[in-house]
J.: 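Got a structure for you, questions after.
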Amino acid sequence: MTSVDMRTPEALADAERWTAHNYHPLPVVIAEAEGAWVTDVDGRRYLDFLAGYSALNFGHRHPGLIAAAHAQLDRVTLTSRAFVHDQFADFCHSLAALCGKDLVLPMNTGAEAVETAIKVARKWGYRVKGVEAERAEIIVAADNFHGRTTTIVSFSTDPDARDDFGPYTPGFVIVPYGNLAALADAITPNTVAVLMEPIQGEAGVLVPSEGYFAGVRALCDDHNVLFVADEIQSGLGRTGKTFAIEHEEVVPDMYVLGKALGGGIVPVSAVAANRDVLGVLKPGEHGSTFGGNPLACAVGVEVVRLLETGEFQRRSAELGERLHAGLNALIGKGLVAVRGRGLWAGVDIDPALMTGREACERLAEKGVLAKDTHGSTIRLAPPLVVTAEELDHAVAQLAAILHEKS
Ligand SMILES: Cc1ncc(COP(=O)(O)O)c(C=O)c1O
């Protein structure tokens, strides 16, 4: 670091001193952000190629979203669901329409939306499918990431996420991702739902082979099982379509949404499904003090409006081709594999060169922020407002750190 780097070390030490160490952040302390760029406390600028794990699909401080939040801050911010407020119906209606579903249930974090989907699927299993009490099973995929609650980590296969957090919630069956025969074998008369990510983000942006989700849909139809798509990270424009599952031409029974739904401003999540599914919930059976609050709904309405224009999906599809072409050209030059769709890439670096963590540290030194997952894999997910030049710049920085180590 140079002599101008006055504030970063102290800010890092303070954060380390006063918080639980449940994260291992890159040594960057962000003070301001706009669009695809963030600026640290010492004035250095970085291209944000993580975008809050896709919570910032519309970029930092998108003007339309900020204006919607400001306007709502001046009116009413929180009512609880004990009363109805004037932003609620607009948000639920517009999101339901975007999903092509009858009903929406808003929550806050992604994990809460997943919990909601699990509860709704179980309730549906008992009340509609006729599964015997306490016997409902939900099938999930190995290497999944659906959040951090005790129930959700009960069906994680990642020891870091799961170990020493038991006793675990029963009722989940884990099958290999992408293997239809294993899924068919796992379905029993007690199966109420299959819960999966259309693309597994945390696992390294794994895209299953073509036809897998059409097969999942068919198995669910044949056995009267709900197909629940966790689109929290993959949805809302990230892959070049509104929902990643659209690439498979499949419609799930329930969408689970989060992250970008809050426009990078407030936590907003939701599930969307038809009346025969979401209608199983009756007053008092599920809820959240903050879920569907006026500020969240005002921002959420604007998020849906942005998605209705199709501009972000288009940008992601077009620029995604450019990103993937640039990354694929580095295979054999330090990269061993590239996966993903749209502006979302899982990049496997040659483990002989460096770990994913080291790659992210080196990229940060060159002004690009990205995040490693397991081993030598890093994820690239810039805001969908990124420009072609910014993409090229980031790929050039990746090429540079690979070149420097080879
Ligand atoms: C696919 C998926 N589901 C659920 C979650 C949990 O969301 P949250 O961190 O908002 O609880 C995440 C977060 O990364 C995710 O990627």
J.: Atom NE2 of residue position His374 - does it have more than 12 heavy atoms of other residues, nucleotides or ligands inside 6.0 Å?
T.: yes
J.: Determine the minimum heavy-atom distance between Ala186 and Thr191, stating which atoms define it.
T.: O-OG1, 4.0 Å
J.: Specify whether Phe58 and Phe312 have parallel, tilted or perpendicular ring planes, treating 30° as the upper limit for parallel and 60° as the lower limit for perpendicular.
T.: perpendicular
J.: Please check if the side chain of Asp40 supplies one atom and the backbone of Val28 the other of a donor-acceptor pair under 3.5 Å.
T.: no
J.: Determine whether more than 12 heavy atoms belonging to other residues, nucleotides or ligands lie under 6.0 Å from atom CZ of Phe290.
T.: no
J.: Should Lys282 and Arg127 count as side-chain neighbours, where that means a heavy-atom distance under 4.5 Å?
T.: yes
J.: Compare every heavy atom of Ile245 with every heavy atom of Glu231, then report the nearest pair and how far apart it is.
T.: OE2-N, 2.9 Å
J.: Are any side-chain N or O atoms of Glu112 and backbone N or O atoms of Ser269, one a donor and one an acceptor, separated by less than 3.5 Å?
T.: no
J.: Could you walk me through whether Val131 and Trp124 satisfy the side chain to side chain contact (heavy atoms under 4.5 Å, CB included) test, starting with their C-alpha distance in whole Å, then the side-chain angles of each, then the deciding distance to 0.1 Å, before giving a yes or no?
T.: CA-CA 9 Å; Val131 172; Trp124 174 87; over 6 Å; no
J.: Is the shortest heavy-atom distance from the side chain of Cys99 to the side chain of Leu257 under 4.5 Å?
T.: yes
J.: Tell me, which pairs form a salt bridge (Lys or Arg N to Asp or Glu O under 4.0 Å) where one or both residues lie in residues 344-361, sequence neighbours left out?
T.: Arg339-Asp348, Arg357-Glu361, Glu358-Arg362, Glu358-Lys405
J.: State whether the number of non-hydrogen atoms from other residues, nucleotides or ligands found under 6.0 Å of Glu249 atom CD is greater than 12.
T.: no
J.: Please find the pair of heavy atoms, one from Asp143 and one from Thr157, that lie closest to each other, and give the distance.
T.: N-OG1, 2.8 Å
J.: Report yes if some heavy atom in the side chain of Thr8 is under 4.5 Å from a heavy atom in the side chain of Arg44; otherwise report no.
T.: yes
J.: Any donor and acceptor pair, going by atom type alone, linking the side chain of Tyr177 with main-chain N or O of Glu197 inside 3.5 Å?
T.: yes
J.: Leu330 vs Val347, test: side chain to side chain contact (heavy atoms under 4.5 Å, CB included). Steps then yes/no.
T.: CA-CA 10 Å; Leu330 297 176; Val347 175; over 6 Å; no
J.: In sequence, state the C-alpha distance, the side-chain angles, and the governing distance for Arg305 and Glu302, and then conclude on salt bridge (charged side-chain N to carboxylate O under 4.0 Å, His left out).
T.: CA-CA 5 Å; Arg305 211 192 55 74; Glu302 187 60 19; 3.0 Å; yes
J.: Closest approach of Val140 and Met196, non-hydrogen atoms and distance?
T.: C-CE, 4.5 Å
J.: Between Asp48 and Val38, is there a donor-acceptor pair closer than 3.5 Å when you use the side chain of the first and the backbone of the second?
T.: no
J.: Enter the distance from Tyr168:OH to Ser156:OG here, rounded to the nearest 0.5 Å.
T.: 9.0 Å
J.: Mind checking whether Leu380 and Val395 have side chains closer than 4.5 Å, heavy atoms only?
T.: no
J.: Please assess Phe91 against Val268 for the test side chain to side chain contact (heavy atoms under 4.5 Å, CB included), listing each intermediate value before the final yes or no.
T.: CA-CA 11 Å; Phe91 173 58; Val268 186; 3.9 Å; yes
J.: Counting only heavy atoms from other residues, nucleotides and ligands, does the tally under 6.0 Å from CD of Glu34 exceed 12?
T.: no
J.: Holding to side chain to side chain contact (heavy atoms under 4.5 Å, CB included), I want the full list of residues that pass it with Asp253, two or more places apart in sequence or in another chain.
T.: Arg217, Leu226, Phe227
J.: Do any pairs count as a salt bridge (Lys or Arg N to Asp or Glu O under 4.0 Å) and have a residue in residues 154-177, sequence neighbours left out, and if so which ones?
T.: none
J.: Suppose the criterion is salt bridge (Lys or Arg N to Asp or Glu O under 4.0 Å): which pairs have a residue in residues 202-214, not counting sequence neighbours?
T.: Glu202-Arg379
J.: Between Arg135 and Asn190 (side chain of the first, backbone of the second, donor and acceptor by atom type, cut-off under 3.5 Å), is there such a pair?
T.: no
J.: Which value, rounded to the nearest 0.5 Å, describes the distance between Lys101 atom NZ and Leu278 atom CG?
T.: 10.5 Å
J.: Scan for side chain to side chain donor-acceptor pair (under 3.5 Å) pairs involving residues 320-333, sequence neighbours excluded, and state none if there are none.
T.: Arg322-Asp392
J.: Are Tyr53 and Ile232 close enough, and set up right, to give a side chain to side chain contact (heavy atoms under 4.5 Å, CB included), and what steps lead you there?
T.: CA-CA 10 Å; Tyr53 300 93; Ile232 288 170; over 6 Å; no
J.: Kindly check if the number of other-residue, nucleotide or ligand heavy atoms within 6.0 Å of NE2 (His93) is above 12?
T.: no
J.: Using the side-chain hydrogen bond (donor to acceptor under 3.5 Å, both in side chains) rule, pick out the option among Gln313, Gln233, His247 that qualifies with Thr239.
T.: His247
J.: With a 3.5 Å distance limit and no angle check, can you tell me whether Arg238 reaches the backbone of Gly342 through a side-chain donor-acceptor pair?
T.: no
J.: Minimum heavy-atom separation for Pro294 to Val76, with atom names?
T.: CB-O, 3.3 Å
J.: Enter the distance from Met254:CE to Asn274:CG here, rounded to the nearest 0.5 Å.
T.: 10.5 Å
J.: Supply the atom-to-atom distance Phe213 CZ to Leu180 CG, rounded to the nearest 0.5 angstrom.
T.: 9.5 Å
J.: If you count heavy atoms of other groups shown closer than 6.0 angstrom to NE2 of His70, is the number above 12?
T.: no
J.: Distance check, rounded to the nearest 0.5 Å: Asp372 atom CG versus Cys360 atom SG?
T.: 4.5 Å
J.: Val207: what forms a side chain to side chain contact (heavy atoms under 4.5 Å, CB included) with it, not counting sequence neighbours?
T.: Ile199, Arg341
J.: Considering residues, nucleotides and ligands other than Glu308, do more than 12 of their heavy atoms fall under 6.0 Å from its CD?
T.: yes
J.: Taking the side chain from Thr77 and the backbone from Leu295, do they hold a donor-acceptor pair closer than 3.5 Å?
T.: no
J.: Quick one: does any side-chain atom of His223 pair with a main-chain N or O of Thr188 as donor and acceptor, under 3.5 Å?
T.: no
J.: Quick one: does any side-chain atom of Thr373 pair with a main-chain N or O of Ala203 as donor and acceptor, under 3.5 Å?
T.: no
J.: Does the side chain of Leu236 reach to within under 4.5 Å of the side chain of Leu307, using non-hydrogen atoms?
T.: yes
J.: Is any side-chain heavy atom of Phe145 closer than 4.5 Å to one of Gln200?
T.: no
J.: Do Leu369 and Ile30 have side chains that get closer than 4.5 Å, going by heavy atoms?
T.: yes
J.: Only one of Val192, Val228, Val280 passes side-chain contact (heavy atoms from CB on, under 4.5 Å) with Val120; say which it is.
T.: Val280
J.: Apply the side-chain contact (heavy atoms from CB on, under 4.5 Å) test between Cys92 and each candidate in Val301, Val104, Leu105; give the one that qualifies.
T.: Val104
J.: Please find the pair of heavy atoms, one from Met107 and one from Ser288, that lie closest to each other, and give the distance.
T.: CE-CB, 3.7 Å
J.: Would you compute the distance between atom CD1 of Ile401 and atom CG of Leu363 and round it to the nearest 0.5 angstrom?
T.: 4.0 Å
J.: In the structure I gave you, are the side-chain heavy atoms of Leu323 and Leu319 within less than 4.5 Å of one another anywhere?
T.: no
J.: Could you tell me whether a side-chain N or O of Glu246 sits under 3.5 Å from a main-chain N or O of Val250, the two making a donor and an acceptor?
T.: no
